[in-house]
Number of protein chains: 2
Amino acid sequence: MATMHDVARLAQVSVSTVSYVLTGTRPISQATRNKVLAAMAQLDYQPNAMARGLASRRSRILGLLMPMDERGLGATETAFVTGAAAAASVAGYHLVLSPVGGGNLDDLRRLASQRMLDGVVLMEVQLADERVTVLQEAGVPLVLIGRTGDTSTLSYVDIDFDQTVREAVAHLVSLGHRRIVYVNHSAATLASGYGPALRTRDAFTAAMTGHGLEPVMIAAEDSAAGGRAALAAAFAQAPELTAVLAMNETAIFGILGELTGRGLSVPDDVSVVSMVTSPQVAELATPALTAMTSPGSALGRIAIEALTRHLDGPADLRHQQLLPCTLEIRGSTAAPRRHQPVGADQ
Amino acid sequence: MATMHDVARLAQVSVSTVSYVLTGTRPISQATRNKVLAAMAQLDYQPNAMARGLASRRSRILGLLMPMDERGLGATETAFVTGAAAAASVAGYHLVLSPVGGGNLDDLRRLASQRMLDGVVLMEVQLADERVTVLQEAGVPLVLIGRTGDTSTLSYVDIDFDQTVREAVAHLVSLGHRRIVYVNHSAATLASGYGPALRTRDAFTAAMTGHGLEPVMIAAEDSAAGGRAALAAAFAQAPELTAVLAMNETAIFGILGELTGRGLSVPDDVSVVSMVTSPQVAELATPALTAMTSPGSALGRIAIEALTRHLDGPADLRHQQLLPCTLEIRGSTAAPRRHQPVGADQ
DNA sequence: CCGCTTCGTCGAAACGCTTCGACGAAGTTC
DNA sequence: GAACTTCGTCGAAGCGTTTCGACGAAGCGG
């Protein structure tokens, strides 16, 4: 494996000149540059990443920190990852995937102090997330996917849950639905401070109230069975419901199954909108689900772009951006079969 | 940030002694070791990964090379990734996610020559895969998930498609099915030399022939529509079919939809087995799919373990292992409604 | 044409670690 | 007790870059 010395010798210049050609840190005459470039090509030279990292104190490696507590990633999280990987590659960075659970803060501290990561994207951020503190103390540049409770000082990208819920509700209301039930994540998830669950809850209340409707909400365990149970609970609480808005990607197939089991047809009897869902999953259902499609890979990409801009550029600006999910109308929503007269829900 | 020099000074020993304490390369007396350890703790010392990598010529970084041609990863591929990430973390390695498509072999060459990766796990291996050659030439230790055509010299982990298909067919046959159709990936995918498609095709032929049955196979595009079309083709070719074995995870929901559309019930009229499927996806269908569950995260884990063993251990053995998918019986298979007399299919 | 900046290049000192050879001090062997 | 080992430690030489100060050679204003 050729080193810079070899290149310098062959091109008959000093090592530093070769370095300047490579990094562009100082002006080099065209003639010299060509000599060096030729020598590099001839020797098939590739700079040694470790040496470069040591000398320059920048590894050109970014970390993607994802908790692995739960069993596997959903389609949305996977999209974060692939989007981030692609963007990092484009920006000339490497992306290391670090499964650091919420528990092992020490591992995180160690990782941050190793000076291997130029910066970090943090996934699945909780409203109060200690990992943020640890990383900030270690002085590692940081971008969140998701938000903490106090968003003032940090860079983040997140889904615009407010806007997303508003659009979903507007879609259903415009079809004529008045009695809409929101199926959220489980009570335990809510209690743990899971941002999306909390924000959509509030957004749903606001959106429904805005339309002069009563917000009905049910918590569902993250499973098909949870979905079935939630739907039963929903009917108990609001027998005349005509539409379900579901945040819980895992539960939604249980909801559909239970609906069919009760002899109700989708969308004729009950309309269903799935929130923060990937098209792939939405297409799996029969009928295909009208869904708020999450901007998954865009989130990953934008997070990485914000991070690299921060690292490469001189400006130290923080980047805060919300992306709404986009409404994709498929077969699971329609006007309610029997039009509910306005006010019938009280 | 404290360096080794700081530790050495505080502990009143030489730098090399500190290094030996850290790496265990040479014997160090207990007294000295304790002094050093105390100094490290007091200074909150973390070794600098880049410096260590440069000096030792081992980065403790592994690469996971996944092509990103297609739109996103399926649940099975995602499981590879998370399994690999977790295993790498356990083994004390970092895992970088490199989206190197089939096209940019130069990128791969560059990556391999940067000496940043101690070893590499290659996903989505084709029967004839140039990436393998490139990596071998660069001298990068390599483990495949999947297999090339010539398996003699390489380390790999793969699904045991033979065994998987055999079990799936045996399950259906034991229920009384005689007329079984295999829905494979698209003709284009077959032609491109996609191993799983080719191996399952052959395995299906063998398994059916072994039972004295005629193997009927259909290629389906990777989409719900592709599944619908495939099922139509299947009925054209074998009107009396009572069971479908589907390799194509994407197409299977189309198959189910088309079945329902034709007024056929699953599993009463037609049984469906999904091959190489994750439980999450299998649970999404109604009824939940009987499936051959892919050992996704185990594959990722084992690949990484084989790689790290090769790197850390002295033995230079190659690791070749096949894992079968496991049959998980859910609601989509049953005995055919009208028992087919033996030999009815000729 | 003299002092000034700018340009292009060089040599050398880091960067923070590993590893090799060396070398006393002890312990062993006859 | 002389001749060897073994043990524990040290100093120094890398590992392959980047980066800083320096320094001739031009280019330029006055």
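- Residues passing the salt bridge (Lys or Arg N to Asp or Glu O under 4.0 Å) test with A:Arg26: none are found, sequence neighbours excluded.
- A:Arg52 meets the salt bridge (Lys or Arg N to Asp or Glu O under 4.0 Å) test with no other residue; sequence neighbours excluded.
- Scored by the salt bridge (Lys or Arg N to Asp or Glu O under 4.0 Å) test, A:Asp106 finds A:Arg109 as partners (sequence neighbours excluded).
- B:Arg58 pairs by the salt bridge (Lys or Arg N to Asp or Glu O under 4.0 Å) definition with B:Asp118, not counting sequence neighbours.
- As rounded to whole Å, 11 Å separates atom P of C:dT18 from atom CZ of B:Arg60.
- Looking at residues two or more places apart in sequence or on another chain, you find no ring pair (Phe, Tyr, Trp, His ring centres under 6.0 Å) involving B:Tyr45.
- Between the CD1 atom of B:Ile28 and the P atom of C:dT18 there is a distance of 13 Å, given to the nearest Å.
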Side-chain donor-acceptor contacts of residues 85-96 of chain A below 3.5 Å, not counting sequence neighbours, with atom names and distances?
residue : atom : partner  : partner atom : Å
A:Tyr93 : OH   : A:Asp312 : OD1          : 2.8
A:His94 : NE2  : B:Gln114 : NE2          : 3.3

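- With sequence neighbours excluded, no residue forms a ring pair (Phe, Tyr, Trp, His ring centres under 6.0 Å) with B:Tyr20.
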Restricting both atoms to N or O, compile the protein contacts to nucleotides 17-20 of chain D shorter than 3.5 Å, with distance only.
residue : atom : partner : partner atom : Å
D:dT17  : OP1  : A:Tyr45 : OH           : 2.8
D:dT17  : OP1  : A:Asn48 : N            : 3.1
D:dT17  : OP2  : A:Met4  : N            : 2.7
D:dT17  : O5'  : A:Tyr45 : OH           : 3.1
D:dT18  : OP2  : A:Ser19 : OG           : 2.6
D:dC20  : N4   : A:Tyr20 : OH           : 2.1

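- Rounding to whole angstrom units, CZ of residue B:Arg9 and C1' of C:dG16 are separated by 13 Å.
- In this entry the distance linking CG of A:Leu43 with P of D:dG16 reads 14 Å, nearest Å.
- Residues satisfying the side-chain contact (heavy atoms from CB on, under 4.5 Å) test with A:Val15, not counting sequence neighbours, are A:Met4, A:His5, A:Ala8.
- Between atom CG of residue B:Leu142 and atom CZ of residue B:Arg318 there is a gap of 13.5 Å, rounded to the nearest 0.5 Å.
- A salt bridge (Lys or Arg N to Asp or Glu O under 4.0 Å) with A:Arg147 is found for exactly one of A:Asp158, A:Asp129, A:Asp160, namely A:Asp158.
- The side-chain contact (heavy atoms from CB on, under 4.5 Å) test applied to B:Ala55 returns no partner, not counting sequence neighbours.
- Near DNA chain D, defined here as any heavy-atom distance below 4.0 Å, there are no residues from residues 110-119 of chain B.
- The distance from atom CG of B:Leu54 to atom P of C:dG16 is 12 Å, rounded to the nearest whole Å.
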Using nucleotides 24-26 of chain C, report all nitrogen or oxygen pairs with the protein that are shorter than 3.5 Å.
none

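- For the pair A:Lys35 NZ and C:dG8 P, the computed distance is 14 Å after rounding to whole Å.
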